[in-house]
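To keep things clear, I will list the structure first and then write my remarks on it.
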2 protein chains.
Amino acid sequence: MTGVPSIDPRSGETVEIVAQETTTAEVDQLCQAALTAAAPLEDLGRDGRAALLISLADALEDAREQVVAIADRETGLGATRLNGELTRTTYQLRLFASVLTDGGYLEATVDHAGDTPMGPRPDLRRMLVPIGPVAVFGASNFPLAFSVPGGDTASALAAGCPVVVKAHGSHPATSQLVFDVLVEAARKAGAPDGTLGIVHGQQAGADLVAHPAIRAVGFTGSTAGARALLTIIEQRPDPIPFFGELSSLNPVVVTPAAAAQRAAQIGADFAASFTLGAGQFCTKPGLAFVPTGPDGDALVEAAQRAISAAEPMVLLNAGIAASYQRGTATLSGTPGLTPTASAGQSAPTGPPASADLPASVGQAAARSASGGSAPGEAVSAGSNVQAVSAGEPAPGALAGGGTGYFGTPTLLTATAADLPREATEECFGPVAVIARYDGEADLFAALATLPSSLTATVQRGPGETALPSELTRRLRPHAGRIIYDGYPTGVAVSWAQHHGGPWPATNTQHTSVGTSAIRRFLRPVTWQNAPADLLPEELRDEFDSIPRRVDGRFRPIP
Amino acid sequence: MTGVPSIDPRSGETVEIVAQETTTAEVDQLCQAALTAAAPLEDLGRDGRAALLISLADALEDAREQVVAIADRETGLGATRLNGELTRTTYQLRLFASVLTDGGYLEATVDHAGDTPMGPRPDLRRMLVPIGPVAVFGASNFPLAFSVPGGDTASALAAGCPVVVKAHGSHPATSQLVFDVLVEAARKAGAPDGTLGIVHGQQAGADLVAHPAIRAVGFTGSTAGARALLTIIEQRPDPIPFFGELSSLNPVVVTPAAAAQRAAQIGADFAASFTLGAGQFCTKPGLAFVPTGPDGDALVEAAQRAISAAEPMVLLNAGIAASYQRGTATLSGTPGLTPTASAGQSAPTGPPASADLPASVGQAAARSASGGSAPGEAVSAGSNVQAVSAGEPAPGALAGGGTGYFGTPTLLTATAADLPREATEECFGPVAVIARYDGEADLFAALATLPSSLTATVQRGPGETALPSELTRRLRPHAGRIIYDGYPTGVAVSWAQHHGGPWPATNTQHTSVGTSAIRRFLRPVTWQNAPADLLPEELRDEFDSIPRRVDGRFRPIP
């Protein structure tokens, strides 16, 4: 038996052993229980599952203080951010309850029997049904919103699928506590045993993905981790859908007109965005294109000032800290990339960093919080800095220093015309590259070399549309979300959100954030010439309380 | 250079060399052309692409006589069936034109900026956009409806994606002719060069799937073929979506009440359904569960009479004929499976087969044609028999006989309580197994051992709901379509159709038939805080001619 340690990233010390790693036999038991729960969970109906989700949200809210305290101790993300993330998580559960009430997600479609240009057509009725038990892999960087009670779990339960979560080793105590809270609430709400399960340990995760009862996987993590799980899935007799949210560079393009209008503002906001949450967001902007010339220079200087004034930031775990140290060392040593600022250096020009940072970061946080329904990503970067500088090991204690896991915010510059490949790969943590471009041809050529991302951002001048339009045309094939005059590090949970993108951003055509995330855990079924008694009620003729398509036409709710 | 032969399956002789196998360099050229066509094809807009699809349908209709003649010569499917399939194909193109006009497929969603329980939310607008160039693999058994001008091509073009088709080696002349017709029509309709491409040869298919410009694959074929292509995809630096329609057993359950009411009818109809198109449908019912006792006996005898009266049927190609001969030999030699009837034998009881067959088959065809908008699968089975018995090599010329590719319709029986694994695997061609069950426990236990399928069918008694309801509950997790009192071999093209199912039926949660097949070739994009000028028109505030969800509520078309 191997114990699962809960480690304080601020000290690097093991605080407790949370559990034992889940054995293969235990994984089997949990998956069987999930399979048994599938039919009764679906039978709760849309209203019953909506009530279940609301109960889970209420229970999580009731446990807020304890959850935030343990999560902060395990992640170092700070109480402000974690309170915001908990609010995001309960909001998400409640939003999926409203998705169930709305019912449009079922894509209910009725074609009555009739003549067609092809001859007679039978009565056909289609809607989406739950895919079956789902494995959810928690992410290190969101101990709540993308972990046990997060978006994958919320959308799978809403769909009617039991969930077995693989707890992330970075926050096992938080995972276990939240799981216990949810299980108790689910029981009280009348959900069947087996609706929720949890496993700890890497082998347990592999066992989970290989288990015949598991019908789909929701994953947020690295490309390498995804490739390993995909290999297991390909070896199944019945490969299953895998929804991976993986790696993202999130380029930002600043037009000359934008730089002319607000160079200092953009520089400071960009620095705040790429260091928000210690740069540990999948939407962290890792590369910005800035025009050459004095406006661009001013932008870079503002970013440098902000970064030089920042302090080392606590990172989530030893692996991320080590990988960040390696990654920044590689970047700094790459010909064509020039380290221009890192935390603790004095700013090359301009007012003292200490006077500048709080204001510009605060503004960026407010703008990022225009993704305000995404408080997990929208809290002030200041709270992270504070977590390091106040009350925790001496600033300057760096990753590998033995007293905790820290990373130094770092900014590098490059020339767009000669952009090293290293600058186009995600480096998780508070580091980014600014690439200077000289004219549109230079910019477009560099953009063509980028991998796809979850997001792409355009900073444009007042009323500017020509270049932004051309940039949109070029960026759209390689991004899931395009942001104008904002920053990508806020991801609102809403009906119109899309958190996805072509490989390596994800491996799917679906989102992991927002209401349509539910589509991942559903599959269509068509009933042909079924007597009304055998149809789900949503497909019967007289049913009219959800949006449906009937005989080819959308019918609104009367 | 290797020539691509067009072979007459009725004689086994090569009639012509259609083309040379496409080289790797030529595949590259075609894929680059497709990539270049992507933006202008999208820019045609929904109306422009609707007009394009209608032009393609018109051109195909104009070439009907020549297309059907060549397709018949290459496939042996007969003019009746092929005329029906061509009508299905043009109907399909026109239906996707109406999908474009409707616009609901875009899933257009607008969330205006505003306050939420999470704080301020930015303006978010989401819709689906074309995924990029698509590779389509033609199927052997539908030279039109699932090949060059088929459902994959129609839905991909509708989505706005250029298509490069891998022509199936079983009907290269048909593929090339139809391709030439479509390319000419597309040009006249204003589609950009590169909208359509075609490749011949197995290596060209592999090159196609590996090409960086290809963003998704539509495939109809064997599980082994799919696994091979998936391996290529996994080796890409950027794995892409693969939509495979693979293998299906399509179980049929006859309740005791159904057998009591209409044993002879069901027996004859079942025989007609599994021999329709020489059993070369993905929806062929390969296994029927029939109660023990006199009613069930009468059903089996009726099926035996029909099969004994049938004649050897022409199969599509040498590979299918050889595989069919191996498959039926394996089934016949498997302990627990009893061959009870094959074509040309006299019926064990009842009236002479020759008197019985045409009537019962005709009825089955009419019922199957309740999937009447699916004429490809809904033509009279008689036409296939006729194709063999009239004008072609002597009946009795079997597969491997040297004078063409033929298969003998075969029926086997088994006991549900001791059902061999071999009876649960698809065998392509006119063969099926009837498994006798003794009570519900016996039936349910056998059903639990089946792989998933595209379809499952329930034959029920008049007004019967209890057992059919329980069967629906048990069959639904393993099927994409559930048919009541009909047969699976008609697949209507409509809004509510679903042609899919869990592995091994497909590897996706999407359909390859019906209007929602378009979803495969689309991906979501969200615009955040975009000025109206930079939004697609379907996402602008004032646009109201398609169904959209605005601020969480479905808005019908005014």
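Not measured: the values here are computed from a predicted model. Order of the sequence lines fixes the chain letters, A, B, ..., with proteins taken first and strands second; residue numbering starts at 1 for each chain.
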Close side-chain approach of [X] and [Y], heavy atoms under 4.5 Å:
X: A:Arg523; Y: B:His498; value: no
X: A:Pro531; Y: B:Arg460; value: yes
X: A:Arg553; Y: B:Asp102; value: no
X: B:Thr87; Y: A:Met118; value: yes
X: A:Val525; Y: B:Arg481; value: no

With a 4.5 Å cut-off on heavy-atom pairs, point out which of [options] contacts chain B the most.
options: A:Leu230, A:Leu522, A:Thr515, A:Ile240; result: A:Leu522
options: A:Pro117, A:Gly463, A:Ala38, A:Ala39; result: A:Pro117
options: A:Met127, A:Arg519, A:Arg215; result: A:Arg519

How long is the span from the [atom1] atom in [X] to the [atom2] atom in [Y], to the nearest 0.5 Å?
X: A:Ile482; Y: B:Arg125; atom1: CD1; atom2: CZ; value: 14.0 Å
X: B:Glu470; Y: A:Leu534; atom1: CD; atom2: CG; value: 11.5 Å
X: B:Asn529; Y: A:Asp485; atom1: CG; atom2: CG; value: 8.0 Å

Residue part contacting chain A, namely of [X], when any heavy atom lies under 4.5 Å:
X: B:Ser516; answer: side chain
X: B:Thr472; answer: side chain
X: B:Asp111; answer: both
X: B:Arg227; answer: side chain
X: B:Ala479; answer: backbone
X: B:Asn507; answer: neither
X: B:Pro237; answer: backbone
X: B:Ile131; answer: side chain

Just say parallel, tilted or perpendicular for the rings of B:Phe554 and A:Phe554, cut-offs at 30° and 60°.
-> tilted
Backbone of A:Pro524 reached by a side-chain donor or acceptor of B:Gln509 within 3.5 Å = no
Measure across A:Gly104 and B:Arg549 and return the closest heavy-atom pair with its distance rounded to 0.1 Å.
-> CA-NH2, 3.9 Å
Who wins among B:Asp238, B:Thr511, B:Leu539, B:Asp551 for the most heavy-atom pairs under 4.5 Å with chain A?
-> B:Asp238
Selection from B:Pro502, B:Gly132, B:Gly500 maximising heavy-atom pairs under 4.5 Å formed with chain A | B:Pro502
Given that the side chain runs from C-beta out, which part of [X] has a heavy atom under 4.5 Å from chain B: side chain, backbone, both or neither?
X: A:Thr223; answer: neither
X: A:Pro504; answer: neither
X: A:Gln92; answer: neither

Determine, step by step, whether A:Trp495 and B:Leu124 satisfy the side chain to side chain contact (heavy atoms under 4.5 Å, CB included) criterion, reporting the C-alpha distance in whole Å, the side-chain angles of both residues, the deciding distance to 0.1 Å, and the verdict.
-> CA-CA 9 Å; A:Trp495 293 88; B:Leu124 294 169; over 6 Å; no
Check: A:Arg126/B:Gln497 side-chain N/O donor and acceptor closer than 3.5 Å | no
May I have the step-by-step check of side chain to side chain contact (heavy atoms under 4.5 Å, CB included) for B:Thr116 and A:Tyr91, ending in yes or no?
-> CA-CA 9 Å; B:Thr116 76; A:Tyr91 177 74; 4.0 Å; yes
Derivation and outcome, side chain to side chain contact (heavy atoms under 4.5 Å, CB included), residues A:Arg476 and B:Val129 | CA-CA 9 Å; A:Arg476 205 201 65 182; B:Val129 303; 3.6 Å; yes
